[in-house]
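Predicted model, so just to flag it, every value in this text is computed and none were measured. Just so you know, these numbers use all the heavy atoms, side chains as well, and skip hydrogens, waters and symmetry mates.
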Amino acid sequence: FKMYGGKCACCFEEDYRFLVLDHKYNNGQDERKTLGWYKIYKKAIESGPKDEYQILCYGCNIARGQKKGNGICLCKANKERMKNFQNQAA
């Protein structure tokens, strides 16, 4: 994970037990069909850092994939809510 930043690109979680490789352009399903899980990680490691991958924590990855949440994870949604709250209070 270190070659991809070593932490969640969204919430900055660093505990490797919670980190996963994410497809930035939402093409993970297609790649899993052709390569399978193991070969995706192998490709990501052997080819070095690529723009198509990023590291996310499990929570951000799941939230990003949910269509109901418009692909926005909770940490980004909470930041936006806090920003709106601060603007209203000012």
Side-chain angles (χ1 to χ4, degrees):
F1 291 123
K2 286 186 180 182
M3 75 170 59
Y4 286 95
K7 59 187 170 188
C8 177
C10 188
C11 73
F12 310 112
E13 173 63 57
E14 294 180 347
D15 189 330
Y16 73 92
R17 295 173 297 174
F18 302 111
L19 301 178
V20 296
L21 188 68
D22 175 63
H23 291 78
K24 284 184 179 180
Y25 306 111
N26 299 320
N27 62 334
Q29 184 175 6
D30 296 334
E31 194 168 44
R32 280 189 300 278
K33 285 180 183 177
T34 58
L35 295 178
W37 289 97
Y38 172 76
K39 288 184 181 176
I40 291 172
Y41 276 89
K42 186 177 178 185
K43 174 186 168 191
I45 292 167
E46 289 178 350
S47 64
K50 296 261 186 206
D51 188 47
E52 65 187 297
Y53 301 119
Q54 65 183 349
I55 299 299
L56 292 179
C57 71
Y58 185 74
C60 290
N61 188 319
I62 294 298
R64 187 174 173 273
Q66 299 295 318
K67 293 184 191 287
K68 184 177 181 183
N70 296 322
I72 299 171
C73 67
L74 291 176
C75 60
K76 284 190 178 176
N78 287 338
K79 286 176 190 173
E80 191 62 33
R81 275 190 230 124
M82 184 58 90
K83 185 178 173 184
N84 289 338
F85 176 75
Q86 289 172 344
N87 288 339
Q88 289 174 357

| request: Would you check if Cys57 and Cys11 make a side-chain contact, meaning some heavy-atom pair closer than 4.5 Å? | output: yes
| How many angstroms lie between atom CG of Leu35 and atom NZ of Lys43, to the nearest 0.5 angstrom? | 6.0 Å
| request: First locate atom CG of Leu19, then atom SG of Cys8, and finally report the distance between them rounded to the nearest 0.5 Å. | output: 7.0 Å
| When rounded to the nearest 0.5 angstrom, what is the spacing between CD in Glu52 and CG in Leu21? | 9.0 Å
| Would you say Ile62 and Phe18 are hydrophobically clustered, going by side-chain heavy atoms of ILVMFWY under 4.5 Å? | no
| Pairs satisfying side chain to side chain donor-acceptor pair (under 3.5 Å), at least one member in residues 3-16, at least two apart | Asp15-Arg17
| task | Would you mind reporting whether Tyr53 and Ile40 have side-chain heavy atoms less than 4.5 Å apart? | result | yes
| message | According to salt bridge (Lys or Arg N to Asp or Glu O under 4.0 Å), who are the partners of Lys24, at least two apart in sequence or on a separate chain? | response | Asp51
| field | Side-chain heavy-atom pair Gln54, Leu56 within 4.5 angstrom cut-off | value | yes
